[in-house]
2 protein chains.
Amino acid sequence: MEHGKPAGIASLVSPPSLLSQRGGMREHVDQAVRSALLAGRFIPGKAVTLRGLAQELGVSPMPVREVIQRLAAEHALVVLSNGRVQVPKMTAARFDEVLKARLLLEPELAAMALENKAEIDTKALEKIDLEIDASLGTGDAEGYMMLNYAFHFRIYEASRSTILLPLVESLWLQFAPFMRTVYGRVGTAHLVDWHKEAIKAIRAGNVESLRESMASDIREGMWLLGRSSFPPEEDKQDAF
Amino acid sequence: MEHGKPAGIASLVSPPSLLSQRGGMREHVDQAVRSALLAGRFIPGKAVTLRGLAQELGVSPMPVREVIQRLAAEHALVVLSNGRVQVPKMTAARFDEVLKARLLLEPELAAMALENKAEIDTKALEKIDLEIDASLGTGDAEGYMMLNYAFHFRIYEASRSTILLPLVESLWLQFAPFMRTVYGRVGTAHLVDWHKEAIKAIRAGNVESLRESMASDIREGMWLLGRSSFPPEEDKQDAF
DNA sequence: TTGGCGAAAATGTGATCACAAATTAGGGGC
DNA sequence: GCCCCTAATTTGTGATCACATTTTCGCCAA
(Lines give C-alpha, C1' and ligand atoms only; values in the text may rest on other atoms or scores of the structure.)
Protein backbone atom coordinates (compact mmCIF):
# COMPACT_ATOMS: atom_id res chain seq x y z
CA MET A 1 0.00 0.00 0.00
CA GLU A 2 1.51 3.28 -1.05
CA HIS A 3 1.95 6.05 1.40
CA GLY A 4 2.08 9.75 0.88
CA LYS A 5 1.05 12.94 2.48
CA PRO A 6 -2.69 12.98 3.17
CA ALA A 7 -3.04 15.62 0.50
CA GLY A 8 -3.21 19.10 1.87
CA ILE A 9 -5.06 18.75 5.12
CA ALA A 10 -3.39 21.88 6.32
CA SER A 11 -4.88 23.80 3.45
CA LEU A 12 -7.83 25.05 5.40
CA VAL A 13 -5.98 26.07 8.51
CA SER A 14 -7.98 28.68 10.30
CA PRO A 15 -6.08 31.76 11.40
CA PRO A 16 -4.97 31.65 15.02
CA SER A 17 -8.26 33.09 16.20
CA LEU A 18 -9.07 31.06 19.28
CA LEU A 19 -5.97 28.94 19.30
CA SER A 20 -4.75 30.34 22.57
CA GLN A 21 -7.80 29.19 24.50
CA ARG A 22 -8.08 26.03 26.53
CA GLY A 23 -8.03 23.11 24.16
CA GLY A 24 -7.33 25.45 21.29
CA MET A 25 -4.87 23.16 19.57
CA ARG A 26 -7.21 20.22 19.91
CA GLU A 27 -10.08 22.19 18.46
CA HIS A 28 -7.92 23.25 15.58
CA VAL A 29 -6.85 19.71 14.77
CA ASP A 30 -10.36 18.42 15.21
CA GLN A 31 -11.87 20.82 12.73
CA ALA A 32 -9.08 20.27 10.25
CA VAL A 33 -9.45 16.49 10.25
CA ARG A 34 -13.25 16.64 10.25
CA SER A 35 -13.25 18.95 7.26
CA ALA A 36 -10.78 16.76 5.47
CA LEU A 37 -12.92 13.71 6.12
CA LEU A 38 -16.13 15.38 4.99
CA ALA A 39 -14.53 16.78 1.89
CA GLY A 40 -13.17 13.36 1.03
CA ARG A 41 -9.52 14.32 1.28
CA PHE A 42 -8.91 11.12 3.22
CA ILE A 43 -9.06 7.97 1.17
CA PRO A 44 -10.56 4.85 2.80
CA GLY A 45 -7.81 2.50 3.85
CA LYS A 46 -5.27 5.28 4.04
CA ALA A 47 -3.03 5.13 7.05
CA VAL A 48 -3.23 8.08 9.42
CA THR A 49 -0.15 8.59 11.53
CA LEU A 50 0.08 10.60 14.69
CA ARG A 51 3.37 12.28 13.99
CA GLY A 52 2.45 12.78 10.38
CA LEU A 53 -0.72 14.68 11.13
CA ALA A 54 0.96 16.55 13.93
CA GLN A 55 3.75 17.80 11.74
CA GLU A 56 1.37 18.69 8.95
CA LEU A 57 -0.75 20.78 11.27
CA GLY A 58 2.22 22.24 13.07
CA VAL A 59 1.34 20.92 16.49
CA SER A 60 2.75 18.35 18.83
CA PRO A 61 1.46 14.79 18.59
CA MET A 62 -0.47 15.32 21.80
CA PRO A 63 -3.63 17.05 20.59
CA VAL A 64 -3.64 14.77 17.56
CA ARG A 65 -3.82 11.74 19.82
CA GLU A 66 -6.91 13.06 21.53
CA VAL A 67 -8.60 13.97 18.27
CA ILE A 68 -7.93 10.55 16.82
CA GLN A 69 -9.51 8.90 19.84
CA ARG A 70 -12.44 11.24 19.47
CA LEU A 71 -12.95 10.43 15.82
CA ALA A 72 -12.40 6.75 16.44
CA ALA A 73 -15.25 6.87 18.93
CA GLU A 74 -17.46 8.21 16.15
CA HIS A 75 -16.17 5.50 13.81
CA ALA A 76 -14.82 8.12 11.48
CA LEU A 77 -11.44 6.48 11.98
CA VAL A 78 -10.54 2.98 13.09
CA VAL A 79 -7.78 1.90 15.39
CA LEU A 80 -6.50 -1.48 14.25
CA SER A 81 -5.49 -4.07 16.79
CA ASN A 82 -1.85 -3.23 16.19
CA GLY A 83 -2.54 0.37 17.08
CA ARG A 84 -2.31 1.73 13.57
CA VAL A 85 -5.01 4.19 12.57
CA GLN A 86 -6.71 4.32 9.23
CA VAL A 87 -9.78 5.61 7.46
CA PRO A 88 -12.27 2.72 7.53
CA LYS A 89 -13.06 0.96 4.29
CA MET A 90 -16.62 0.73 3.11
CA THR A 91 -18.36 -2.60 2.78
CA ALA A 92 -21.72 -3.52 1.30
CA ALA A 93 -23.17 -4.25 4.73
CA ARG A 94 -21.94 -1.00 6.20
CA PHE A 95 -23.25 0.92 3.22
CA ASP A 96 -26.73 -0.57 3.48
CA GLU A 97 -26.85 0.29 7.14
CA VAL A 98 -25.72 3.85 6.62
CA LEU A 99 -28.46 4.29 4.05
CA LYS A 100 -31.02 2.86 6.43
CA ALA A 101 -29.85 5.05 9.29
CA ARG A 102 -29.84 8.18 7.14
CA LEU A 103 -33.38 7.49 5.95
CA LEU A 104 -34.52 7.01 9.52
CA LEU A 105 -32.87 10.06 11.03
CA GLU A 106 -32.40 12.80 8.47
CA PRO A 107 -36.00 13.30 7.33
CA GLU A 108 -36.95 13.46 10.99
CA LEU A 109 -34.26 16.03 11.61
CA ALA A 110 -35.51 18.09 8.69
CA ALA A 111 -39.02 17.92 10.06
CA MET A 112 -37.81 19.12 13.43
CA ALA A 113 -35.98 21.96 11.71
CA LEU A 114 -39.17 23.09 10.05
CA GLU A 115 -40.64 23.68 13.48
CA ASN A 116 -38.16 26.55 13.71
CA LYS A 117 -38.84 27.68 10.18
CA ALA A 118 -37.66 31.22 10.88
CA GLU A 119 -34.13 29.98 11.48
CA ILE A 120 -33.81 28.43 8.04
CA ASP A 121 -32.25 30.87 5.61
CA THR A 122 -33.78 29.63 2.37
CA LYS A 123 -32.01 32.42 0.51
CA ALA A 124 -28.68 31.01 1.64
CA LEU A 125 -29.83 27.52 0.71
CA GLU A 126 -30.62 28.67 -2.81
CA LYS A 127 -27.20 30.21 -3.07
CA ILE A 128 -25.56 26.99 -1.94
CA ASP A 129 -27.65 25.00 -4.38
CA LEU A 130 -26.49 27.23 -7.22
CA GLU A 131 -22.89 26.70 -6.22
CA ILE A 132 -23.57 22.99 -6.15
CA ASP A 133 -24.78 23.11 -9.74
CA ALA A 134 -21.64 24.99 -10.63
CA SER A 135 -19.35 22.49 -8.92
CA LEU A 136 -21.14 19.65 -10.70
CA GLY A 137 -20.53 21.40 -13.99
CA THR A 138 -16.80 21.73 -13.38
CA GLY A 139 -16.57 18.26 -11.85
CA ASP A 140 -15.22 19.64 -8.59
CA ALA A 141 -16.02 16.64 -6.41
CA GLU A 142 -14.45 18.05 -3.28
CA GLY A 143 -16.32 21.30 -3.57
CA TYR A 144 -19.55 19.48 -4.25
CA MET A 145 -19.21 17.38 -1.13
CA MET A 146 -18.60 20.33 1.14
CA LEU A 147 -21.47 22.26 -0.40
CA ASN A 148 -23.82 19.31 -0.16
CA TYR A 149 -22.85 18.96 3.50
CA ALA A 150 -23.46 22.64 4.03
CA PHE A 151 -26.87 22.45 2.39
CA HIS A 152 -28.10 19.57 4.53
CA PHE A 153 -26.70 20.78 7.82
CA ARG A 154 -27.83 24.36 7.34
CA ILE A 155 -31.30 22.83 7.49
CA TYR A 156 -30.61 20.30 10.23
CA GLU A 157 -29.04 22.88 12.52
CA ALA A 158 -32.30 24.75 12.67
CA SER A 159 -33.70 21.79 14.58
CA ARG A 160 -31.68 22.86 17.63
CA SER A 161 -31.06 19.17 18.07
CA THR A 162 -28.41 18.00 20.49
CA ILE A 163 -29.02 14.27 20.14
CA LEU A 164 -30.04 13.39 16.60
CA LEU A 165 -27.76 15.91 14.95
CA PRO A 166 -24.54 14.46 16.36
CA LEU A 167 -25.67 10.99 15.35
CA VAL A 168 -26.17 12.14 11.78
CA GLU A 169 -22.82 13.89 11.77
CA SER A 170 -21.21 10.63 12.72
CA LEU A 171 -22.90 9.00 9.73
CA TRP A 172 -21.63 11.63 7.30
CA LEU A 173 -18.10 11.25 8.61
CA GLN A 174 -18.35 7.55 7.93
CA PHE A 175 -19.55 7.56 4.34
CA ALA A 176 -17.95 10.75 3.05
CA PRO A 177 -14.50 9.27 2.33
CA PHE A 178 -16.07 6.41 0.38
CA MET A 179 -18.32 8.84 -1.47
CA ARG A 180 -15.29 10.72 -2.66
CA THR A 181 -13.58 7.66 -4.08
CA VAL A 182 -16.68 6.80 -6.11
CA TYR A 183 -16.91 10.29 -7.53
CA GLY A 184 -13.28 9.98 -8.45
CA ARG A 185 -14.14 6.90 -10.50
CA VAL A 186 -17.50 7.69 -12.05
CA GLY A 187 -17.50 11.47 -11.84
CA THR A 188 -20.22 13.72 -10.53
CA ALA A 189 -22.03 14.27 -13.81
CA HIS A 190 -25.00 11.98 -13.21
CA LEU A 191 -25.72 13.49 -9.83
CA VAL A 192 -29.19 14.82 -9.33
CA ASP A 193 -30.55 16.18 -6.09
CA TRP A 194 -33.88 17.15 -4.60
CA HIS A 195 -32.62 20.38 -3.11
CA LYS A 196 -34.95 22.63 -5.04
CA GLU A 197 -37.93 20.57 -3.99
CA ALA A 198 -36.70 20.72 -0.39
CA ILE A 199 -36.43 24.50 -0.48
CA LYS A 200 -39.92 24.71 -1.92
CA ALA A 201 -41.26 22.47 0.85
CA ILE A 202 -39.57 24.59 3.49
CA ARG A 203 -41.02 27.80 2.07
CA ALA A 204 -44.46 26.20 1.95
CA GLY A 205 -44.04 24.86 5.47
CA ASN A 206 -45.03 21.44 4.17
CA VAL A 207 -43.48 18.97 6.58
CA GLU A 208 -44.46 15.84 4.70
CA SER A 209 -43.16 17.18 1.44
CA LEU A 210 -39.87 18.12 3.08
CA ARG A 211 -39.55 14.66 4.57
CA GLU A 212 -40.02 13.06 1.19
CA SER A 213 -37.67 15.46 -0.55
CA MET A 214 -34.90 14.65 1.90
CA ALA A 215 -35.58 10.93 1.68
CA SER A 216 -35.48 11.04 -2.09
CA ASP A 217 -32.32 13.11 -2.05
CA ILE A 218 -30.63 10.61 0.22
CA ARG A 219 -31.91 7.58 -1.65
CA GLU A 220 -30.91 8.77 -5.09
CA GLY A 221 -27.59 10.20 -3.95
CA MET A 222 -26.68 6.96 -2.25
CA TRP A 223 -28.03 4.82 -5.09
CA LEU A 224 -25.26 6.05 -7.35
CA LEU A 225 -22.75 5.01 -4.72
CA GLY A 226 -24.37 1.65 -4.08
CA ARG A 227 -24.16 0.66 -7.75
CA SER A 228 -20.44 1.13 -7.53
CA SER A 229 -18.24 -1.74 -6.52
CA PHE A 230 -16.94 -2.01 -3.00
CA PRO A 231 -13.25 -2.52 -2.39
CA PRO A 232 -12.37 -6.22 -2.40
CA GLU A 233 -11.55 -7.53 1.05
CA GLU A 234 -7.95 -8.22 0.14
CA ASP A 235 -6.98 -7.88 3.74
CA LYS A 236 -9.39 -7.82 6.60
CA GLN A 237 -10.14 -4.49 8.20
CA ASP A 238 -8.58 -5.78 11.38
CA ALA A 239 -7.03 -9.10 12.25
CA PHE A 240 -7.70 -9.89 15.88
CA MET B 1 -21.57 21.85 44.64
CA GLU B 2 -20.19 19.08 46.77
CA HIS B 3 -17.42 16.93 45.53
CA GLY B 4 -16.46 13.41 46.45
CA LYS B 5 -15.02 10.30 44.99
CA PRO B 6 -17.04 9.04 42.01
CA ALA B 7 -18.15 6.12 44.10
CA GLY B 8 -16.34 2.91 43.46
CA ILE B 9 -15.63 2.95 39.77
CA ALA B 10 -12.75 0.62 40.33
CA SER B 11 -15.10 -1.97 41.74
CA LEU B 12 -15.44 -3.89 38.54
CA VAL B 13 -11.82 -3.95 37.56
CA SER B 14 -11.18 -6.84 35.27
CA PRO B 15 -8.18 -9.00 36.09
CA PRO B 16 -5.09 -8.13 34.09
CA SER B 17 -6.14 -10.38 31.26
CA LEU B 18 -5.31 -8.40 28.16
CA LEU B 19 -3.80 -5.41 29.89
CA SER B 20 -0.37 -5.96 28.42
CA GLN B 21 -1.57 -5.61 24.84
CA ARG B 22 -1.40 -2.46 22.76
CA GLY B 23 -3.82 0.02 24.20
CA GLY B 24 -4.51 -2.30 27.09
CA MET B 25 -4.64 0.41 29.70
CA ARG B 26 -6.94 2.51 27.54
CA GLU B 27 -9.27 -0.41 26.97
CA HIS B 28 -9.36 -1.06 30.67
CA VAL B 29 -10.22 2.51 31.54
CA ASP B 30 -12.75 2.70 28.73
CA GLN B 31 -14.69 -0.33 29.90
CA ALA B 32 -14.58 0.76 33.51
CA VAL B 33 -15.98 4.21 32.80
CA ARG B 34 -18.53 2.90 30.32
CA SER B 35 -19.81 0.37 32.82
CA ALA B 36 -19.97 3.00 35.51
CA LEU B 37 -21.94 5.29 33.23
CA LEU B 38 -24.38 2.58 32.16
CA ALA B 39 -24.89 1.39 35.71
CA GLY B 40 -25.57 4.94 36.82
CA ARG B 41 -22.59 5.20 39.13
CA PHE B 42 -21.87 8.64 37.71
CA ILE B 43 -24.31 11.32 38.76
CA PRO B 44 -25.22 14.00 36.18
CA GLY B 45 -23.38 17.18 36.92
CA LYS B 46 -20.65 15.38 38.80
CA ALA B 47 -17.17 16.58 38.02
CA VAL B 48 -14.84 14.01 36.50
CA THR B 49 -11.18 14.73 37.02
CA LEU B 50 -8.32 13.32 35.04
CA ARG B 51 -6.00 12.63 37.92
CA GLY B 52 -8.86 11.44 40.08
CA LEU B 53 -9.96 8.76 37.67
CA ALA B 54 -6.38 7.85 36.92
CA GLN B 55 -5.53 7.28 40.56
CA GLU B 56 -8.73 5.38 41.16
CA LEU B 57 -8.02 3.01 38.31
CA GLY B 58 -4.34 2.76 39.10
CA VAL B 59 -3.11 4.13 35.80
CA SER B 60 -1.37 7.25 34.65
CA PRO B 61 -3.51 10.18 33.54
CA MET B 62 -2.57 9.43 29.96
CA PRO B 63 -5.01 6.68 29.01
CA VAL B 64 -7.71 8.49 30.96
CA ARG B 65 -7.28 11.56 28.81
CA GLU B 66 -7.87 9.56 25.66
CA VAL B 67 -10.90 7.79 27.08
CA ILE B 68 -12.45 11.07 28.18
CA GLN B 69 -12.05 12.49 24.70
CA ARG B 70 -13.58 9.33 23.32
CA LEU B 71 -16.59 9.49 25.61
CA ALA B 72 -16.94 13.21 25.07
CA ALA B 73 -17.22 12.52 21.34
CA GLU B 74 -20.16 10.23 22.12
CA HIS B 75 -21.63 12.91 24.37
CA ALA B 76 -21.44 10.60 27.33
CA LEU B 77 -19.28 13.26 28.98
CA VAL B 78 -19.03 16.95 28.31
CA VAL B 79 -15.93 19.10 28.28
CA LEU B 80 -16.84 22.55 29.52
CA SER B 81 -15.26 25.61 27.98
CA ASN B 82 -12.92 25.87 30.96
CA GLY B 83 -11.68 22.36 30.31
CA ARG B 84 -13.44 20.73 33.20
CA VAL B 85 -15.19 17.47 32.48
CA GLN B 86 -18.52 16.44 33.87
CA VAL B 87 -21.40 14.06 33.32
CA PRO B 88 -23.94 16.02 31.28
CA LYS B 89 -27.15 17.05 32.94
CA MET B 90 -30.46 16.03 31.46
CA THR B 91 -32.89 18.59 30.14
CA ALA B 92 -36.46 18.23 28.95
CA ALA B 93 -35.44 18.89 25.36
CA ARG B 94 -32.63 16.37 25.47
CA PHE B 95 -34.88 13.81 27.05
CA ASP B 96 -37.56 14.17 24.38
CA GLU B 97 -34.96 13.75 21.68
CA VAL B 98 -33.44 10.68 23.25
CA LEU B 99 -36.88 9.10 23.42
CA LYS B 100 -37.52 9.95 19.78
CA ALA B 101 -34.16 8.59 18.69
CA ARG B 102 -34.60 5.39 20.66
CA LEU B 103 -38.03 4.80 19.14
CA LEU B 104 -36.61 5.33 15.68
CA LEU B 105 -33.54 3.14 16.01
CA GLU B 106 -34.06 0.38 18.55
CA PRO B 107 -37.13 -1.33 17.09
CA GLU B 108 -35.33 -1.33 13.76
CA LEU B 109 -32.27 -2.85 15.38
CA ALA B 110 -34.42 -5.54 16.97
CA ALA B 111 -36.01 -6.30 13.62
CA MET B 112 -32.57 -6.66 12.06
CA ALA B 113 -31.57 -8.97 14.88
CA LEU B 114 -34.50 -11.22 14.17
CA GLU B 115 -33.07 -11.82 10.70
CA ASN B 116 -30.34 -13.73 12.53
CA LYS B 117 -32.77 -15.44 14.83
CA ALA B 118 -30.41 -18.32 15.52
CA GLU B 119 -27.98 -15.98 17.24
CA ILE B 120 -30.51 -14.84 19.83
CA ASP B 121 -30.26 -16.95 22.96
CA THR B 122 -33.82 -16.67 24.21
CA LYS B 123 -32.97 -18.97 27.09
CA ALA B 124 -30.38 -16.47 28.28
CA LEU B 125 -32.84 -13.64 27.79
CA GLU B 126 -35.36 -15.38 30.02
CA LYS B 127 -32.70 -15.82 32.67
CA ILE B 128 -31.83 -12.13 32.52
CA ASP B 129 -35.48 -11.19 32.72
CA LEU B 130 -35.86 -13.28 35.85
CA GLU B 131 -32.90 -11.54 37.41
CA ILE B 132 -34.47 -8.23 36.46
CA ASP B 133 -37.62 -9.15 38.35
CA ALA B 134 -35.47 -10.07 41.33
CA SER B 135 -33.55 -6.79 41.26
CA LEU B 136 -36.82 -4.88 41.05
CA GLY B 137 -38.02 -6.74 44.11
CA THR B 138 -34.97 -5.82 46.15
CA GLY B 139 -34.87 -2.29 44.76
CA ASP B 140 -31.36 -2.79 43.38
CA ALA B 141 -31.41 0.06 40.86
CA GLU B 142 -27.83 -0.41 39.74
CA GLY B 143 -28.31 -4.10 39.13
CA TYR B 144 -31.54 -3.45 37.28
CA MET B 145 -29.90 -1.00 34.93
CA MET B 146 -27.07 -3.32 33.99
CA LEU B 147 -29.45 -6.21 33.48
CA ASN B 148 -31.82 -4.13 31.41
CA TYR B 149 -28.87 -3.05 29.29
CA ALA B 150 -27.81 -6.66 28.93
CA PHE B 151 -31.28 -7.72 27.88
CA HIS B 152 -31.60 -5.14 25.14
CA PHE B 153 -28.12 -5.45 23.75
CA ARG B 154 -28.11 -9.23 23.78
CA ILE B 155 -30.86 -8.84 21.22
CA TYR B 156 -29.37 -5.93 19.32
CA GLU B 157 -25.99 -7.58 18.97
CA ALA B 158 -27.56 -10.36 16.93
CA SER B 159 -28.17 -7.75 14.23
CA ARG B 160 -24.44 -7.78 13.44
CA SER B 161 -24.87 -4.04 13.06
CA THR B 162 -21.80 -1.83 12.85
CA ILE B 163 -23.62 1.45 12.27
CA LEU B 164 -26.92 1.55 14.12
CA LEU B 165 -25.66 -0.33 17.16
CA PRO B 166 -22.97 2.20 18.07
CA LEU B 167 -25.47 5.01 17.65
CA VAL B 168 -27.81 3.34 20.11
CA GLU B 169 -24.98 2.71 22.54
CA SER B 170 -24.24 6.41 22.50
CA LEU B 171 -27.87 7.06 23.40
CA TRP B 172 -27.79 4.69 26.37
CA LEU B 173 -24.62 6.28 27.68
CA GLN B 174 -26.38 9.62 27.56
CA PHE B 175 -29.55 8.82 29.44
CA ALA B 176 -28.32 6.14 31.85
CA PRO B 177 -26.90 8.52 34.48
CA PHE B 178 -30.12 10.51 34.54
CA MET B 179 -32.14 7.30 34.74
CA ARG B 180 -30.26 6.32 37.85
CA THR B 181 -30.96 9.56 39.65
CA VAL B 182 -34.68 9.19 39.02
CA TYR B 183 -34.70 5.65 40.34
CA GLY B 184 -32.92 6.96 43.38
CA ARG B 185 -35.78 9.38 43.95
CA VAL B 186 -38.88 7.38 42.99
CA GLY B 187 -37.58 3.85 43.30
CA THR B 188 -37.89 1.03 40.82
CA ALA B 189 -41.12 -0.45 42.14
CA HIS B 190 -43.49 0.87 39.46
CA LEU B 191 -41.28 -0.37 36.64
CA VAL B 192 -42.93 -2.64 34.14
CA ASP B 193 -41.33 -3.97 31.00
CA TRP B 194 -42.34 -5.74 27.83
CA HIS B 195 -39.49 -8.22 27.94
CA LYS B 196 -41.65 -11.30 28.11
CA GLU B 197 -43.66 -10.15 25.11
CA ALA B 198 -40.40 -9.48 23.27
CA ILE B 199 -39.10 -12.97 23.97
CA LYS B 200 -42.38 -14.42 22.77
CA ALA B 201 -42.19 -12.40 19.57
CA ILE B 202 -38.63 -13.55 18.97
CA ARG B 203 -39.57 -17.21 19.45
CA ALA B 204 -42.51 -16.76 17.08
CA GLY B 205 -40.32 -14.94 14.59
CA ASN B 206 -42.91 -12.19 14.49
CA VAL B 207 -41.02 -9.08 13.42
CA GLU B 208 -43.88 -6.65 13.78
CA SER B 209 -44.74 -7.92 17.24
CA LEU B 210 -41.10 -7.58 18.31
CA ARG B 211 -40.97 -4.05 16.98
CA GLU B 212 -44.00 -3.10 18.99
CA SER B 213 -42.80 -4.83 22.11
CA MET B 214 -39.54 -2.92 22.01
CA ALA B 215 -41.30 0.35 21.28
CA SER B 216 -43.67 -0.18 24.18
CA ASP B 217 -40.83 -1.14 26.47
CA ILE B 218 -38.94 2.02 25.58
CA ARG B 219 -42.00 4.26 25.78
CA GLU B 220 -43.19 3.01 29.14
CA GLY B 221 -39.74 2.85 30.65
CA MET B 222 -38.98 6.39 29.58
CA TRP B 223 -42.43 7.66 30.55
CA LEU B 224 -41.63 7.08 34.19
CA LEU B 225 -38.49 9.16 33.77
CA GLY B 226 -40.21 11.90 31.83
CA ARG B 227 -42.79 12.46 34.57
CA SER B 228 -39.94 13.21 36.90
CA SER B 229 -38.64 16.74 37.25
CA PHE B 230 -35.54 17.79 35.45
CA PRO B 231 -32.76 19.52 37.34
CA PRO B 232 -33.30 23.28 37.44
CA GLU B 233 -30.86 25.17 35.25
CA GLU B 234 -29.17 26.79 38.21
CA ASP B 235 -26.06 27.24 36.18
CA LYS B 236 -25.81 26.77 32.47
CA GLN B 237 -24.26 23.55 31.21
CA ASP B 238 -21.47 25.59 29.72
CA ALA B 239 -20.78 29.28 29.74
CA PHE B 240 -19.08 30.26 26.52
C1' DT C 1 14.19 -12.34 -10.53
C1' DT C 2 12.51 -13.97 -6.31
C1' DG C 3 12.28 -15.19 -1.53
C1' DG C 4 13.67 -14.54 2.96
C1' DC C 5 16.55 -12.72 6.67
C1' DG C 6 18.22 -8.86 9.54
C1' DA C 7 18.99 -4.06 10.41
C1' DA C 8 16.94 0.44 10.54
C1' DA C 9 13.15 3.47 10.70
C1' DA C 10 8.55 4.50 12.01
C1' DT C 11 4.67 4.25 15.07
C1' DG C 12 1.54 4.03 19.07
C1' DT C 13 1.59 3.92 24.21
C1' DG C 14 2.22 5.18 28.72
C1' DA C 15 4.62 8.23 31.89
C1' DT C 16 6.27 12.56 33.45
C1' DC C 17 7.01 17.56 33.39
C1' DA C 18 6.08 22.58 33.05
C1' DC C 19 2.79 25.87 32.69
C1' DA C 20 -1.40 28.64 32.60
C1' DA C 21 -5.93 29.05 34.05
C1' DA C 22 -9.36 28.20 37.20
C1' DT C 23 -11.08 26.83 41.54
C1' DT C 24 -10.87 26.74 46.36
C1' DA C 25 -9.44 28.18 50.90
C1' DG C 26 -8.15 31.60 54.10
C1' DG C 27 -7.94 35.97 56.11
C1' DG C 28 -8.81 40.65 56.87
C1' DG C 29 -11.87 44.63 56.70
C1' DC C 30 -16.50 46.36 56.78
C1' DG D 1 -22.06 37.67 59.88
C1' DC D 2 -20.82 39.04 54.97
C1' DC D 3 -17.93 40.38 51.22
C1' DC D 4 -13.71 40.87 48.82
C1' DC D 5 -8.98 40.19 47.94
C1' DT D 6 -4.98 37.17 47.92
C1' DA D 7 -2.47 32.78 48.32
C1' DA D 8 -2.44 27.86 47.77
C1' DT D 9 -4.22 24.07 45.48
C1' DT D 10 -6.25 21.68 41.80
C1' DT D 11 -6.86 20.76 37.00
C1' DG D 12 -6.43 20.39 31.97
C1' DT D 13 -3.03 21.09 28.15
C1' DG D 14 0.74 20.62 25.37
C1' DA D 15 5.39 18.89 24.97
C1' DT D 16 8.88 15.51 25.41
C1' DC D 17 10.83 10.99 26.50
C1' DA D 18 11.62 5.93 26.67
C1' DC D 19 10.13 1.73 25.12
C1' DA D 20 7.99 -2.26 22.80
C1' DT D 21 6.07 -3.56 18.61
C1' DT D 22 5.59 -3.26 13.99
C1' DT D 23 6.68 -2.10 9.53
C1' DT D 24 9.80 -1.05 5.96
C1' DC D 25 13.95 -1.33 3.52
C1' DG D 26 18.34 -3.32 2.03
C1' DC D 27 20.99 -7.14 1.25
C1' DC D 28 22.30 -11.70 0.14
C1' DA D 29 21.48 -16.31 -1.41
C1' DA D 30 18.98 -19.63 -4.25
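Treat the numbers as computed from the prediction; the structure is a model and nothing was measured. Chain A is the first sequence line, chain B the second, and so forth, proteins listed ahead of strands; every chain is numbered from 1.
- Within the nucleic acid shown, A:Val48 comes within 4.0 Å of sugar-phosphate atoms alone, with no base atom in reach, counting heavy atoms only.
- Spacing between atom CD of B:Glu66 and atom P of D:dG12 amounts to 15 Å, rounded to whole angstrom units.
- Across C:dG14, D:dA15, C:dT13, the shortest atom-to-atom separation from the side chain of B:Pro63 is found for C:dG14.
- Rounded to whole Å, the distance from NE2 on B:His28 to C1' on C:dT13 is 16 Å.
- The nearest whole Å value for the distance from the CD atom in A:Gln86 to the C1' atom in D:dT23 is 14 Å.
- Rounded to whole Å, the distance from CZ on A:Arg51 to P on D:dC19 is 14 Å.
- A:Arg160 meets the salt bridge (Lys or Arg N to Asp or Glu O under 4.0 Å) test with A:Glu119; sequence neighbours excluded.
- When atom types are taken as modelled, the side chain of A:Glu97 and the backbone of B:Leu164 share a donor-acceptor pair closer than 3.5 angstrom.
- Taking only side-chain atoms of B:Ser60, from C-beta outward, the nucleotide of C:dT23, C:dG14, D:dG14 with the closest atom is C:dG14.
- Rounded to whole Å, the distance from CD on A:Gln69 to C1' on C:dG12 is 10 Å.
- Of the possible polar contacts, one joining the A:Ser170 side chain to the A:Glu74 backbone as a donor-acceptor pair under 3.5 Å is found.
- Of the candidates D:dG12, C:dG14, D:dA15, the closest approach to any side-chain atom of B:Met25 belongs to C:dG14.
- Side-chain to base pairing of B:Arg65 with D:dG14: one donor and one acceptor N or O lie within less than 3.5 Å of each other.
- The side chain of B:Asn82 lies closest to C:dT23 when the candidates are C:dT13, C:dT23, D:dT16.
- In this model, no side-chain donor or acceptor of A:Arg26 finds a partner on the base of D:dG12 within 3.5 Å.
- Comparing C:dG14, C:dT23, D:dT23 by their closest approach to the side chain of B:Arg84 singles out C:dT23.
- Remark: C1' of C:dG12 and CG of A:Leu53 are 14 Å apart, rounded to the nearest angstrom.
- Inter-residue side-chain proximity for B:Phe42 and B:Leu37 is flagged as met; some heavy-atom pair is nearer than 4.5 Å.
- The side chain of B:Met62 has C:dA15 as its nearest neighbour among C:dG12, C:dA15, D:dG12.
- Checked against ring-ring contact (aromatic ring centres under 6.0 Å, His included), A:Tyr156 has the following partners two or more places apart in sequence or in another chain: A:His152, A:Phe153.
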